Each structure stands twice: as structure tokens, then as C-alpha cells.
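Sequence lines set the chain letters: A, B, ... in the order given, protein chains first and strands last, and positions in each chain run from 1. Keep in mind the model is a prediction, meaning the values are calculated, not measured.
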2 protein chains.
Amino acid sequence: MARTTLSTSDERRTATVDAAIAAFADAGYHGTTVADVAKRAGISPAYVFKLYSSKGAVFVAALDRCFDLVVAALEHGVESTVDHSPEGVLDAMGLAYAELIADRDLLMLQVHAQSATDVAEIRAALRRGYERVTEFAGSRSGATPEQVQRFLSFGQLCHLVATLGIDESHGGWERVVAAGIRHPAASDRP
Amino acid sequence: MARTTLSTSDERRTATVDAAIAAFADAGYHGTTVADVAKRAGISPAYVFKLYSSKGAVFVAALDRCFDLVVAALEHGVESTVDHSPEGVLDAMGLAYAELIADRDLLMLQVHAQSATDVAEIRAALRRGYERVTEFAGSRSGATPEQVQRFLSFGQLCHLVATLGIDESHGGWERVVAAGIRHPAASDRP
DNA sequence: TTCGTGAGTGATTCATCACTCACTCAATTG
DNA sequence: CAATTGAGTGAGTGATGAATCACTCACGAA
């Protein structure tokens with residue numbers, strides 16, 4: 001069990017996924033090299049290909065993990081709900097999601113995934129992810145389809161606000177777009 | 001090569017922008033080469049760089065034109081409004097926008113622009129575009145900031161629906177996400 | 001007819017990137 | 001100890017892509 005230098009491949013794999021989330025969040029799928037990912041993970045590019053079959057597979061692993069975290073956050077939101085009406089549960093989920101994406105990486109990864117749907121495996125992973133979120137939000141809140149749709153819609157608005165780099169502190173049109181949305185970059189822990 | 005009749009550089013420029021919209025809509029900024037754009041425009045890659053200073057400048061020109069068309073569509077929506085209440089005007093704008101993005105290219109270009117905000121000039125162009133849309137929707141409808149925000153939010157949901165490639169005709173979770181949104185791919189033009 | 005200018009390109013440069021392979025070294029097992 | 005396995009990498013390779021440049025050709029004016 002001596003792990004001074006060597007590590008297990010599973011440990012490296014999760015480290016690689018963490019690195020991939022950060023790297024792909026920065027520059028998207030086509031704008032990121034596996035050398036970027038490898039550097040952040042502290043391993044060589046060659047070893048990334050030992051752990052994953054292709055660059056696309058790395059991205060998919062990162063995206064899957066991203067949606068794992070999203071669903072977990074929603075779950076956490078449900079558990080902390082006091083008002084158990086559908087609206088109350090959706091609000092709690094929204095709050096939990098807002099907290100999760102405070103670090104911006106998980107949010108940008110979703111944005112970039114939407115822009116990489118020309119890669120079939122990524123499109124499939126993205127659909128899986130939104131399927132999970134939609135099913136979870138619907139079944140655990142008991143809300144109507146319209147309410148769930150509005151919930152998702154507001155999430156998408158958050159993504160726009162983050163990519164534009166605006167928040168409530170702006171005036172004029174930016175305030176209209178970003179009203180009620182705390183900018184992810186502003187780091188104040190709740 | 002095929003020596004066609006000479007044309008003015010302005011004509012080539014608009015042809016290049018049209019080609020750029022289609023090309024970038026397919027594979028995004030980093031996933032598209034200027035050779036792709038040139039091929040669609042029927043000119044050589046070298047000439048694209050005579051017309052525009054860089055690949056980024058081509059994308060920005062395409063994005064600017066995209067928002068020109070969006071604002072023009074909203075304007076057209078306003079003009080065809082019968083119910084002149086804020087809600088009525090916003091609804092008319094939404095319908096006009098839905099018609100505009102029926103061809104999917106203008107929609108995907110916006111999605112890909114959101115994913116290319118690491119390029120400063122593209123981020124600036126995107127902000128300019130959403131500024132125009134937000135100001136226009138707000139001032140011409142007289143709606144509250146909240147109503148305008150919801151209008152934008154629904155637009156973003158349309159983008160998600162298009163990238164996921166789903167529409168109302170699906171069942172289950174897809175129907176929840178896409179309710180009320182006609183899929184852009186379904187091409188039924190009169 | 002000659003000149004000047006603008007349209008348009010082929011060939012090239014220089015960098016980057018996804019992916020491969022032969023290899024080393026550390027640890028476990030018998 | 002010898003043998004085997006698994007972690008990990010350096011050094012490539014072939015392909016591609018952004019950008020440049022020297023050039024040709026069309027055409028209108030003098």
C-alpha cells in the first residue's frame with residue numbers, strides 16, 4: 001500500500017476528470033487540448049490516452065460528472081426544503097443549483113457542451129444529463145410540466161448571464177438580463 | 001481554376017458573411033476552419049484574409065449580421081401586433097423570432113458564440129447583440145424588466161431545445177423541455 | 001496600347017494537436 | 001531471487017490549420 005509516488009489508475013482517472021472540467025470550462029471542447037488537461041492533472045498527455053480512449057471520451061466523462069453534481073445539488077435542495085409545495089421545492093432546487101454553479105466551471109462546461117453537439121457522443125451525454133435533471137425536478141417537486149419548463153428556462157438564463165460576464169451590479173440593459181442572478185465570479189460563501 | 005466573372009469586394013464580403021453564418025453554425029468557432037468558410041463562399045481561403053483581418057473578425061461579422069436579422073425580426077413582430085399591450089407585443093416578438101430561427105443557423109450561431117467568449121472580440125460582439133435585443137424588446141414593448149427577462153429566458157430555452165435536437169413530437173422528458181416550441185429542423189416553408 | 005489598380009489564388013510557412021509506441025521503473029507474487 | 005504486471009513517460013508522427021506572400025489576370029482610363 002505504499003503510495004509515495006505511484007497511484008492507482010482510478011485515482012488518476014478522477015483527477016483527470018477534475019482537471020478536464022476546469023480545462024474544458026475555460027476554452028470549450030475544440031479550444032482545449034488534451035495536453036491542457038494533462039498538465040492540470042499533473043500527468044503526461046500520453047497517460048491520458050491510457051486512461052481514456054479519446055479526447056471525446058474525456059469530455060464525456062467530465063460532463064457526466066458535472067451532471068452527477070447537478071443532480072446531487074438538486075437532491076440536497078429538496079432535502080433542505082421547508083415549504084413542500086411544488087413551487088417551494090423548485091425554489092429550493094434553484095437555490096441549490098445557484099450555489100453549485102458559483103464556481104462557474106460546471107456552468108461553462110454545460111454551455112460548451114451545447115456547442116459541441118456536432119460530436120455524437122457529446123450530444124448523447126448532454127441529452128442524458130438534461131433528461132436526468134428534467135425527470136428529477138419533475139418527479140421530486142410534483143410541479144406541472146410548465147413549471148418545470150420555466151425552471152429549466154431560468155437555468156439557461158443563468159448560463160447566458162455567466163457567459164456575458166454580467167451581474168446585478170451593472171445598470172441599464174445588463175440589470176434587466178441579470179436581475180435576481182448573483183454573478184458566479186463574485187465569491188462570497190453562504 | 002474556374003475563372004468566373006469578377007465581382008466587387010463588397011459583394012464577396014456579404015457572400016462570405018452568409019457562408020460564415022452557415023459554416024460556424026455547423027461546428028462553432030474553434031471547430032470551423034476558414035477553408036470551410038471560403039469553400040462555401042466560393043472563394044479561396046487566402047481571399048478571406050484579404051476581406052477580413054482574421055478568423056475572429058469573420059466570426060464577428062457573421063454574429064453582427066445575425067443580430068441585425070434578429071432585431072429586424074423583432075421589429076417586424078412589433079409592426080404586425082394587433083394587441084398593443086406589453087404582453088401582446090412581446091408575444092408578437094416571440095413569434096417573429098421563432099419564425100426567424102426556423103432555419104436553425106442563426107440560432108446555432110448564437111449558441112456557439114456563447115461558447116467562444118474566451119475570444120475577447122467575440123464576447124464584445126455578443127454583448128453588443130444582446131444589448132440591442134434587450135433594449136429593443138424593452139423600449140418597444142413597454143414591458144417590465146421582469147417580463148423582458150422572461151422573454152429572453154424563453155429564447156435561451158429555445159436554444160437548448162434546438163441543440164438537444166428535440167421537439168414537441170417527443171414524449172416524456174423531451175416534451176416537458178420542448179413544450180410549445182416547434183423544432184427548427186422540421187422544415188415546412190410555404 | 002499601355003498603365004494602374006483591384007480581384008483573386010497557389011504555394012508555403014510555421015505552429016499545433018490528437019494519438020502512438022517503445023520504453024523505464026516500481027511493486028507484487030511465487 | 002526471478003518473473004510478471006501495471007503506472008507512467010519521452011519522443012515522435014502525420015495531419016491540419018491560420019496566416020502570408022508573391023504572383024496572375026481582368027478591366028477601365030489616358
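In the model, A:T163 has no side-chain atom that pairs as donor or acceptor with a side-chain atom of B:T117 under 3.5 Å. For the 3.5 Å distance criterion, the side chains of B:Y130 and B:E135 fail to qualify, holding no donor opposite an acceptor.
The environment of NE2 in B:H170 is crowded: more than 12 heavy-atom neighbours from other residues, nucleotides or ligands sit within 6.0 Å.
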Original post:
What's the verdict on side-chain contact (heavy atoms from CB on, under 4.5 Å) for B:R128 and B:D64, showing C-alpha distance, side-chain angles and the deciding distance?
Top reply: CA-CA 9 Å; B:R128 275 202 312 275; B:D64 282 345; 3.1 Å; yes
Original post:
How far apart are the C-alpha atoms of A:T8 and A:D10, what are their side-chain angles, what is the distance that settles it, and do they pass the side chain to side chain donor-acceptor pair (under 3.5 Å) test?
Top reply: CA-CA 5 Å; A:T8 69; A:D10 273 350; 5.7 Å; no
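At whole-Å resolution of the value, CZ in B:F59 and C1' in D:dA18 are 17 Å apart.
Within residues 21-41 of chain A, the residues that have a heavy atom under 4.0 Å from DNA chain C are, in order of number, A:T32, A:T33, A:V34. Within residues 42-55 of chain B, the residues having any heavy atom closer than 4.0 Å to DNA chain C are, in order of number, B:I43, B:S44, B:A46, B:Y47, B:K50.
In terms of phosphate contacts, B:R12 brings no side-chain nitrogen or oxygen within less than 4.0 Å of OP1 or OP2 of C:dA7.
Proximity of A:D36 to A:F24: side-chain heavy atoms (C-beta onward) are nowhere separated by under 4.5 Å.
Electrostatic pairing of B:R40 and B:D26 counts as a salt bridge here, judged by a charged N lying under 4.0 Å from a carboxylate O.
A side chain to side chain contact (heavy atoms under 4.5 Å, CB included) with A:Y52 is found for one member of A:V60, A:V17, A:V34 and no other, namely A:V17.
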